[in-house]
2 protein chains.
Amino acid sequence: MDSSVLRNVSMFSVLNDKELSKIYSFSTPKSLDKGEMVFFETEPYLGFYVVVEGCIKIFKIKGDGREQIIHFVHPYGTFAEVPMFEQYEKILNDQFTYPANAMATEKDTKVLLIRSGLFYELLRKNHEISLKMLGALSKRLRHLNNYIETRMKDIPHRLAEFLVQECRRSGGSDIHKVEIEITKHDLASYLGTIDETLSRTFKKFQDDGLIQMKGKFVTITDIKKLLRIAEE
Amino acid sequence: MDSSVLRNVSMFSVLNDKELSKIYSFSTPKSLDKGEMVFFETEPYLGFYVVVEGCIKIFKIKGDGREQIIHFVHPYGTFAEVPMFEQYEKILNDQFTYPANAMATEKDTKVLLIRSGLFYELLRKNHEISLKMLGALSKRLRHLNNYIETRMKDIPHRLAEFLVQECRRSGGSDIHKVEIEITKHDLASYLGTIDETLSRTFKKFQDDGLIQMKGKFVTITDIKKLLRIAEE
DNA sequence: CGTAACCTTGATTAAGATCAATTCTCGTGG
DNA sequence: CCACGAGAATTGATCTTAATCAAGGTTACG
């Protein structure tokens, strides 16, 4: 792994080799096993992270102790940028904590910590980076917006939406076969439900002839009906 | 109304008089009656808004046609900044729409439209503004984060949380009296429920001796218990 | 005053959570 | 190679919360 991985991070795409190397040399790499935490939401804020390999889930803990997954971050994606811009002074004084919890969902997950001090310096010098960062935060806001919208619908709707999205994301060949890359438990948490309800909803979709399922592989047999459920 | 109102907007606080006047002279003021729309989420994006007077509610329409209020914007607050940073070219080509709906909740509500073209120009010239904007977007993200967290709890919890927050926001004198400044209907929508359930929850709180209610005025009689319900 | 919007209350229903067993799957060690 | 055990997934019965349906009652304002 070297500084070239940073070039794929949208926000850093405006930097030259020298700047990239500098960021890379000051960043802290971390390797994680499946289930290992990057941070808890109670920890003091150090800076934001770049995913280099594997996958990270960002989640809240509900009152009953259960996880509620907000999103997954894949390679070259970033997470925990937000506290960076909430009054710099407070960050320096360790007053800030992370906004949620972050855990690796795959073994051999690798992340880079970009410390806020260093990054803030960069931000002051390089105007382009702030503009990129504005783009990144906007994207995050769109995602949360979409997340909230999805939450207004029932579980079959949410699952249908997820399947359609996954189908679009993976490949794009018209064979409607999707591999669910996360555990069913994580999927349930992401959809805001529990394992049993997810299982029942999958079964209902199968009984209604919308999909066929074999372990982690789902074949969509009636994309039209599925789309109808997905969009209201 | 003149350009000095803009000085109170956090993002514009770094500008000098000349710059403020320029923004003001290029902005479009709009007066609204209670219930009038600023924009629908289907409309092409023109730019973001500053609230000068009154109050704006930002909301989504659910599948059944009901409103789901995401937040309220008060004087000197801004809304609809997000699409501004999602690929400038698309905005110019009218490809973008608003992320939600915006409606005045009070009569004599006044807003200013800051067109994206003008603002983007400003952003390129003035680095400080991007940094302020990063702060503004972060705040918005925090709010959505908090919103999502609240949604994981039941209705009594959400109402208790709302009452405690309102109590803190208004005054701060230790007489625990709160005026609910929005309609009960809007409050229900904000809490993600319906009028009947809100009414019943208020009743339950009264029966349990937590509050006393008279129209729009709520007196908190047992702040300790209310806090216990509010925080899990 | 009168009427429309706002609010409350009661009875019923439905979606999904909870509780409680099983069954399935797969990696590990004998 | 098989047997074991743990975690993952499924299934059924029951329970809870809040939505829905249906009246009434209250308030505010022209």
Side-chain angles (χ1 to χ4, degrees), chain A residues 33-35 57 62-69 103 105-107 150-160 162 179-208 211-218 229 232, chain B residues 33-36 57 61-69 103 105-108 150-162 179-208 211-218 229 232:
Chain A
D33 223 352
K34 185 176 176 170
K57 66 178 174 190
K62 290 199 267 188
D64 57 7
R66 239 182 235 145
E67 292 175 4
Q68 169 59 63
I69 297 176
M103 182 194 276
T105 64
E106 296 173 14
K107 59 176 184 161
T150 298
R151 283 325 168 88
M152 299 173 190
K153 320 281 178 61
D154 60 18
I155 308 289
H157 175 102
R158 295 182 211 170
L159 179 56
F162 173 83
E179 182 185 358
I180 299 177
E181 287 162 347
I182 52 177
T183 64
K184 294 254 170 82
H185 177 76
D186 275 355
L187 178 53
S189 164
Y190 182 59
L191 298 179
T193 186
I194 55 174
D195 299 6
E196 293 95 317
T197 302
L198 176 62
S199 184
R200 281 184 244 270
T201 310
F202 265 130
K203 188 167 193 296
K204 203 175 145 290
F205 281 4
Q206 284 188 90
D207 291 349
D208 295 354
I211 61 167
Q212 261 185 286
M213 212 179 33
K214 221 178 207 167
K216 295 211 153 301
F217 292 91
V218 176
I229 295 177
E232 204 228 354
Chain B
D33 223 351
K34 185 176 175 170
E36 250 187 287
K57 67 177 174 191
I61 311 269
K62 289 199 267 188
D64 58 7
R66 239 182 235 145
E67 292 176 3
Q68 168 59 63
I69 297 176
M103 182 194 278
T105 65
E106 295 173 15
K107 60 176 184 162
D108 298 324
T150 298
R151 283 325 169 86
M152 298 173 190
K153 320 281 177 62
D154 60 17
I155 308 289
H157 175 103
R158 294 182 212 170
L159 179 55
E161 195 171 286
F162 173 82
E179 181 186 358
I180 298 177
E181 288 163 348
I182 53 177
T183 64
K184 295 252 170 84
H185 177 76
D186 275 355
L187 178 54
S189 164
Y190 182 60
L191 297 179
T193 185
I194 56 174
D195 299 6
E196 294 94 317
T197 302
L198 176 61
S199 184
R200 281 184 245 270
T201 310
F202 266 129
K203 187 166 194 297
K204 201 174 146 291
F205 280 4
Q206 284 187 90
D207 292 349
D208 295 353
I211 60 168
Q212 261 185 287
M213 213 179 32
K214 220 179 208 167
K216 294 208 154 302
F217 291 92
V218 176
I229 295 177
E232 203 229 353

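Every chain is numbered from 1 and lettered A, B, ... according to where its sequence line falls, protein lines coming before strand lines. Since the model is a prediction, treat every value here as computed from it, not as a measurement.
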Just call it for A:L198: base, sugar-phosphate, or nothing, with non-hydrogen atoms closer than 4.0 Å on any strand. nothing
Checking all strands, does B:G35 fall into the base, sugar-phosphate, or nothing category for heavy-atom contacts under 4.0 angstrom? nothing
Please tell me if [X] has a side-chain N or O lying less than 4.0 Å from either OP1 or OP2 of [N].
X	N	value
B:R66	D:dT20	yes
A:T197	C:dA17	yes
A:T193	C:dA17	yes

Go through it in stages, so that I can follow the logic: the residues are B:R158 and B:R151, the test is side chain to side chain contact (heavy atoms under 4.5 Å, CB included), and I'd like the CA-CA distance, side-chain angles, deciding distance and then a yes or no. CA-CA 8 Å; B:R158 294 182 212 170; B:R151 283 325 169 86; 3.7 Å; yes
Out of C:dA17, C:dC19, D:dT20, which has the shortest distance to the side chain of A:I194? C:dA17
B:E196 side chain, from C-beta outward: closest of C:dC7, D:dC21, D:dA18: D:dC21
May I ask you to check whether B:E161 and B:T150 show a side-chain donor-acceptor distance below 3.5 Å? yes
To the nearest Å, how far apart are B:K184 NZ and D:dA28 P? 11 Å
Report for the helix from C:dC1-D:dG30 to C:dG30-D:dC1: angle between first-end and last-end helix axes, five pairs each, rounded to 10 degrees. 30°
Determine whether a donor-acceptor pair (one donor, one acceptor, N or O, separation below 3.5 Å) exists between the side chain of A:R200 and the base of C:dT18. yes
